[in-house]
Amino acid sequence: MIDEIQVENVALIRRAALEPCAGLTVLTGETGAGKTALLSALKLLMGERADKTAVRDGAPSLTVSGRIFVRNPACEDAGAGEGAVVAADVEPEELVVTRKVTAEGRSRATINGAMASVAELTQAVAPTIDLCGQHEHQQLLRPHTHGVLLDAWAAESVQAPLAAYREAFRAAAQAQAQLDRVLQAGQASTAKLDDARFALKRIDEVSPQPGEYERLSADLARAEHAESLATAALRAHGALADDGGAMDALSDAVSALEAGARFDETLQPYADSLREVGYVLEDVSRDVASYGDGIEFDPDELQQQQERMAALQGLLRAFGPRMEDVFSAREAAAEAVALVDDAEWLEKQARKAVDQAEQALAAAADELRAARGDAAPRFAEAVSEQMGRLEMGSSSLVCQVSPLPREQWTQAGPDSVEFLFKPGAGMQERPLARIASGGEVSRVMLAVKVVLGEADAVDTLVFDEVDAGVGGSVAVALADVLADLARTHQVIVVTHLAQVAVRADAHYLVRKSESEGVPETTLSLLDAEDRPAEIARMLSGSATEASLAHARELLAAAH
């Protein structure tokens, strides 16, 4: 939902601010006042390509910023894929988006203060807003979105078979990928296969074990320096325990201090402390002697350990630098050899898995196709009923579900879903993209959005041409439908119809004036006192007493 839009130096607009409410917001004003320029600013936030002609004459740049609340994509079911419906009560995420375009045509954008590309704007902002009547952003004119809309409307009956189909589609893709890998391995070049066999043989000849290299490194360090270690232990033991050694000197010191303590008891703690040290020296002396006695020098064992270390280091040089790399090389080589040696059996198993996965996928596709086939006419009937409210004559919407060849199946489904427009009873339906009238396609969009209600993933709808060629009872019906739509969406309408304007929750007046000979557009939020005059102008071109009375009557009836 759009919370605020700030515009500066866009075309004829110097400064403007728009704070739409959650319901229905209308923009009114005389023809040429600059209402469409505001929508052009919004398209910049949605990621449209920047054009230097959009910068106001004489200004160095234009800036458009907006604060938008979007449904948090992190809360969407990660396995649902494209078109999944997010719960309506999901906490929205706030995005502060800014787009700056210089007079030279350079563009810079930020999202929440961080630099962003145009593609990121298109991904983050555009899906939350539908510009109805502007064909470059009209989601209804892109057939690949029609299946998403149908699935959202029929979620109760379609969601389960769609999830089952997507799971079967992923399983079939994985089975096919495994078959492709087996076939590719079977076609591996002789040189690659020889390299794999050589690596496997060399590593298996040494047969390294996890942790062996580290243990052997520590053992070799002791074995290669056994004589030095034994000498060090013997010298340490002698220095501690031999006659005149540290333990004898310590015993003499204890005796001296205890003798003095008979006359001055403050010496006793020192004697006690040295006695404790003596216990430590006895333990160390005993352990060092045991360590020295335990050292054995076996030339044959040392040679074996050195030869083993040389073999392991040879593997490290060839496949390292770590032993983990050696084990990984062995695993890859074994797999490559096994794939070729067991190619026939593996290919048979892989083809069997593909056949089973395809059978499961075909069954899931049939269930999904049946669910969509049941929902499509009901959806089309509901939309056509809303089109009748808009007094579009006998025109109707046709929802066509057509099976696709297997090679064209995607995560979205095994069928193409397309909305067709039937101008009248007995006439041929045509794709919506071929409808000539912008107002007509906008009213079809309006009908679709009303039917979708809260199931629609797009929060904000902006209508620019929805009232083209409309008047009389059609205008009243249009206002009623827009008011209904505003219960589930944020709706922004550029309108010339008083019947629509009086239903607005927020009413902005767009005026065009001149400042120092340069045209300028301003935007004003009308309060309850100012609205009757603008409604009167829309009714009769000027605020006469009769038109003001009529305007007040319409406003009172609307609220």
Side-chain angles (χ1 to χ4, degrees), residues 1-29 33-48 50 54-56 59 61-73 90-101 107-116 118 120-132 134 137 458-464 482 485-495 501 504-511 520-528 530-531:
M1 184 182 76
I2 299 173
D3 188 64
E4 180 182 6
I5 301 173
Q6 298 282 345
V7 180
E8 183 175 353
N9 293 330
V10 174
L12 301 177
I13 303 175
R14 179 164 290 172
R15 294 179 189 274
L18 182 65
E19 299 181 7
C21 65
L24 177 61
T25 298
V26 299
L27 281 69
T28 66
K35 299 182 291 296
T36 301
L38 290 169
L39 303 185
S40 298
L42 180 57
K43 287 189 283 185
L44 287 174
L45 292 182
M46 297 171 67
E48 183 175 277
V55 181
R56 181 183 174 89
S61 62
L62 68 83
T63 303
V64 181
S65 61
R67 183 168 60 177
I68 301 169
F69 290 92
V70 301
R71 304 182 197 184
N72 192 343
V90 170
E91 186 69 23
E93 177 186 4
E94 179 180 355
L95 297 180
V96 178
V97 185
T98 301
R99 184 88 179 271
K100 183 175 182 180
V101 180
S107 172
R108 185 178 65 184
T110 63
I111 298 178
N112 290 340
M115 294 293 294
V118 171
E120 288 171 323
L121 287 183
T122 302
Q123 182 178 7
V125 180
T128 70
I129 303 170
D130 216 339
L131 293 182
C132 308
Q134 305 296 324
H137 283 298
V458 178
D459 295 319
T460 300
L461 304 176
V462 183
F463 291 94
D464 185 20
L482 285 169
L485 185 59
R487 295 191 182 100
T488 56
H489 293 72
Q490 180 189 43
V491 181
I492 303 172
V493 182
V494 175
T495 185
D505 298 294
H507 187 162
Y508 283 86
L509 176 62
V510 184
R511 294 189 182 94
E520 182 173 323
T521 294
T522 57
L523 190 66
S524 305
L525 177 62
L526 299 181
D527 56 25
D530 295 330
R531 287 187 72 186

Say you draw a straight line from [atom1] of [X] to [atom2] of [Y]; how long is it, rounded to the nearest 0.5 Å?
X	Y	atom1	atom2	result
L24	R487	CG	CZ	11.0 Å
N9	R56	CG	CZ	6.5 Å
L482	T495	CG	OG1	8.0 Å
T128	E93	OG1	CD	11.0 Å

Go through the side-chain N and O atoms of [X] and [Y] and say whether any donor and acceptor fall under 3.5 Å apart.
X	Y	answer
R99	S107	yes
H507	T28	yes
E4	Q6	yes

Could you check whether any side-chain heavy atom of [X] comes within less than 4.5 Å of a side-chain heavy atom of [Y], counting everything from C-beta outward?
X	Y	value
L44	L62	yes
T110	N112	no
V118	E120	no
F463	L485	yes
V462	L39	yes
I492	L461	no
L131	K43	yes
Q490	I2	yes

Next on the checklist: As a quick check of understanding, evaluate side chain to side chain contact (heavy atoms under 4.5 Å, CB included) for V491 and T25, giving each step before the final call.
Outcome noted: CA-CA 6 Å; V491 181; T25 298; over 6 Å; no
Search all heavy atoms of [X] against all heavy atoms of [Y] and return the closest pair with its distance.
X	Y	answer
A124	I111	CB-CD1, 4.2 Å
A109	L121	CB-CD1, 3.7 Å
K100	S61	CE-OG, 3.3 Å
A16	L523	CB-CB, 4.1 Å
A506	L525	CB-CD1, 4.3 Å
V101	A50	CG2-CB, 3.7 Å

Checklist entry - Going through the distances and angles, do V493 and L27 end up as a side chain to side chain contact (heavy atoms under 4.5 Å, CB included)? => result CA-CA 6 Å; V493 182; L27 281 69; over 6 Å; no
Next on the checklist: Given 3.5 Å as the limit, does a donor-acceptor pair link the side chain of Y508 with the main chain of E19, or not?
Outcome noted: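 The answer is yes, because a donor-acceptor pair under 3.5 Å joins these two groups.
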Checklist entry - When you look at L95 and V70, which way does the side chain to side chain contact (heavy atoms under 4.5 Å, CB included) test go after all the steps? => result CA-CA 7 Å; L95 297 180; V70 301; 4.0 Å; yes
Item to check | Residues T460, D130; criterion side chain to side chain contact (heavy atoms under 4.5 Å, CB included); working and verdict | outcome: CA-CA 6 Å; T460 300; D130 216 339; over 6 Å; no
